Student: 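Below is a structure I'd like to ask you about.
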Amino acid sequence: MKMKQTVTALMLALSSSVVLAGEVEVLHWWTSGGEAKSVSVLKGLMEEQGNSWKDFAIAGGGGESAMTVLKTRAVSGNPPSAAQIKGHDIQEWGKLGFLTDLSDVARAENWDSVLPEVATQTMKYEGDYVAVPVNVHRVNWLWVNPEVLKKSGAKVPTTLDEFFAAADKIKAAGFIPLAHGGQTWQDVTLFEAVALAVLGPEDYQKAFVDLDIDVLSGRKMTEVFVQFRRMRDYIDPNSRGRDWYSTTSMVIDGEAAMQIMGDWAKGEFAAAGKVPGKDYLCVAAPGTHGQFTYNIDSFAFFKLSDEANRQAQKDLAKTILDKDFQEIFNLNKGSIPVRLDMDMSKFDQCALDSMATFKATSKSGGLVPSVSQGLATTSYVQGAIFDVVSNFFHAKSPDPEKAASKLARAVKSAM
Ligand code: BGC
């Protein structure tokens with residue numbers, strides 16, 4: 001009798017968990033060592049809550065391939081529960097009517113008061129949350145192998161002039177000065193760092209957010225292209241098409257001295273067991289000290305019909321902004337938590353600098369959205385900028401003045 005009761009109780013428990021448990025299918029492009037480690041934390045927490053996790057990973061930094069696959073799935077009426085969608089794209093998906101309203105979770109969890117304004121603005125479509133931010137990445141970083149600098153007799157550069165002076169010494173010593181992966185989004189990552197240094201945050205904002213044609217075609221923009229072009233003399237001949245993380249490995253292994261890349265690169269250093277301040281250094285990209293180019297990773301949530309899966313979506317939304325998750329995920333990912341009320345005691349100096357600069361620039365200016373990461377402008381304008389910048393960088397005899405006017409024309413026609 002007792003046995004029968006136990007079995008019935010167990011079956012009841014199982015059937016209720018079957019009813020409650022849902023599945024989340026999550027599209028992302030986190031496939032490098034550090035990234036995979038980070039996303040597995042989210043998977044684990046969802047499974048702990050009885051939900052199942054269906055991984056929908058599409059490799060390719062910058063997410064271009066992931067976005068192509070997502071469009072096909074969504075258009076055929078079979079979207080995932082959530083997808084890594086950022087910046088202006090969230091508005092575009094919202095406009096198409098694909099995204100679900102997360103206001104009830106947002107209200108219950110107080111998102112409006114724990115998140116920075118740049119995040120809340122981006123996550124809402126027509127005033128309602130349709131996406132959840134995961135982190136804040138700083139994009140204007142220079143990653144340095146101090147050993148290579150030492151062997152070359154070079155010092156850590158803080159301005160563009162110092163960068164080129166150091167690069168000459170490193171080249172003469174037989175190392176690759178700048179590790180660069182020649183994929184379009186990485187070209188633009190390098191370009192926007194140079195642009196911020198040459199233009200300063202106000203003109204950067206005017207050019208890439210306000211799309212001011214005078215600034216886009218102006219004298220300072222020509223200078224941006226001049227400096228950007230100079231970078232090409234310091235990269236290796238095998239750069240074209242290389243992934244960002246293999247490129248980071250060149251700095252980790254001491255084959256190259258420096259890389260300009262967002263702090264997802266730190267996730268790779270961390271996954272390789274490297275210690276900041278000792279094995280590698282993180283400093284602001286040359287000429288951008290005290291400025292912050294931001295990239296906010298986020299998941300947008302799609303409308304689903306299955307009730308259990310809708311509940312699982314809510315669990316996912318809530319989990320992403322849970323303080324414990326924010327801590328572990330961002331320690332692995334290289335980014336900083338997107339919540340402003342976090343205990344940062346477990347974070348390293350790079351993350352502490354990032355958080356301090358993020359908070360300071362939010363108040364005093366100097367906080368600008370990343371073009372390469374889709375935070376600055378629409379995907380149409382972004383595409384136009386990508387084409388001009390990347391073609392210029394890989395051209396045989398590029399002309400900086402012509403590139404600036406081409407940029408202005410391309411942006412104008414994409415507006
Ligand atoms: C994402 C990062 C990611 C990087 C490289 C960026 O677009 O925002 O989270 O680590 O691409 O894959």
Side-chain angles (χ1 to χ4, degrees), residues 26-42 55-70 82-90 118-119 122-123 131-141 143 179-193 241-249 251-252 259-272 282 292-300 320 325-326 328-338 350-351 354 358 369-377 379 382-383 385-386:
V26 184
L27 179 139
H28 60 89
W29 60 90
W30 289 332
T31 54
S32 77
E35 291 174 335
K37 225 172 143 187
S38 315
V39 75
S40 72
V41 177
L42 191 54
D55 206 46
F56 187 2
I58 307 285
E64 214 178 308
S65 315
M67 287 304 105
T68 309
V69 176
L70 176 63
Q84 194 183 347
I85 300 179
K86 299 188 292 186
H88 286 255
D89 279 358
I90 297 173
V118 280
T122 322
M123 301 305 133
V132 189
V134 190
N135 59 8
V136 178
H137 270 302
R138 186 183 189 187
V139 188
N140 60 319
W141 279 118
W143 305 95
H180 177 70
Q183 295 176 336
T184 305
W185 73 273
Q186 295 185 68
D187 297 338
V188 181
T189 303
L190 185 58
F191 172 81
E192 72 182 19
R242 190 169 47 217
D243 281 315
W244 67 272
Y245 50 87
S246 321
T247 308
T248 304
S249 292
V251 181
I252 296 178
Q259 183 184 18
I260 290 178
M261 186 47 64
D263 42 23
W264 42 95
K266 200 183 81 183
E268 298 308 293
F269 283 99
C282 55
F292 195 110
T293 312
Y294 68 88
N295 169 29
I296 301 175
D297 277 317
S298 48
F299 285 102
I320 289 173
F325 169 72
Q326 282 285 311
I328 309 170
F329 176 86
N330 287 301
L331 282 170
N332 286 314
K333 187 75 175 65
S335 38
I336 52 171
V338 66
C350 306
S354 180
F358 179 65
S370 165
V371 181
S372 63
Q373 297 302 320
L375 272 290
T377 182
S379 57
Q382 187 188 331
I385 298 174
F386 272 38

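Everything numeric here is computed off the predicted structure, so don't read it as measured data. Only this structure's heavy atoms are used, side chains among them; waters, hydrogens and symmetry mates stay out. In each ligand, atom 1 is the first atom listed, and ligand 1 is the first ligand listed.
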Student: Return the orientation label for the H137 and W264 ring planes: parallel under 30°, perpendicular over 60°, tilted otherwise.
Tutor: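 Plane angle over 60°, so perpendicular.
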Student: Parallel, tilted or perpendicular for F358 and F292, by the 30°/60° rule?
Tutor: tilted
Student: Of all the non-hydrogen atoms in the protein, which one sits nearest to atom 3 (C) of ligand 1, and at what distance?
Tutor: E35 OE2, 3.1 Å
Student: Closest non-hydrogen protein atom to atom 6 (C) of ligand 1, residue and atom name please, with distance?
Tutor: Q373 OE1, 3.1 Å
Student: Heavy-atom distances under 4.0 Å decide this one: backbone, side chain, both or neither, for N135 against ligand 1?
Tutor: neither
Student: If you measure only the distance, is there a donor-acceptor pair under 3.5 Å linking the side chains of N295 and S370?
Tutor: no
Student: As a test of understanding, state which of T247, T248, T189 forms a side-chain hydrogen bond (donor to acceptor under 3.5 Å, both in side chains) with Q259.
Tutor: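 With Q259 as partner, side-chain hydrogen bond (donor to acceptor under 3.5 Å, both in side chains) holds for just one option, T248.
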Student: Does G62 have a heavy atom less than 4.0 Å from any atom of ligand 1?
Tutor: yes
Student: Measuring from the heavy atoms of Y245, does anything fall under 4.0 Å of ligand 1?
Tutor: no
Student: Within a distance under 4.0 Å of any heavy atom of K333, pick out the atoms of ligand 1 and give their elements.
Tutor: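 Ligand 1 atoms under the 4.0 Å threshold to K333: 2 (C), 3 (C), 9 (O), 10 (O).
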Student: Looking only at side-chain N and O atoms, does S372 offer a donor or acceptor that is under 3.5 Å from a partner on E192?
Tutor: yes
Student: Could you check atom 11 (O) of ligand 1 against the protein and tell me its nearest heavy-atom contact, residue, atom and distance included?
Tutor: W29 NE1, 3.1 Å
Student: Please confirm whether the ring centroid of W141 lies under 6.0 Å from the ring centroid of F269.
Tutor: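 Centroid distance W141-F269: not below 6.0 Å, so no.
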Student: By number and element, which atoms of ligand 1 are closer than 4.0 Å to a non-hydrogen atom of H137?
Tutor: 9 (O)
Student: So if I count the atoms of ligand 1 from 1 in the order they appear, which ones are less than 4.0 Å from some heavy atom of G61?
Tutor: 5 (C), 12 (O)
Student: Which of these, S249, S32, S246, sits in a side-chain hydrogen bond (donor to acceptor under 3.5 Å, both in side chains) with E268?
Tutor: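 Going through the options one by one, the only one that passes is S32.
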Student: Is D297 in polar range of ligand 1, meaning some N or O pair under 3.5 Å apart?
Tutor: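 Yes - when backbone and side-chain N and O of D297 are compared with those of ligand 1, one distance drops under 3.5 Å.
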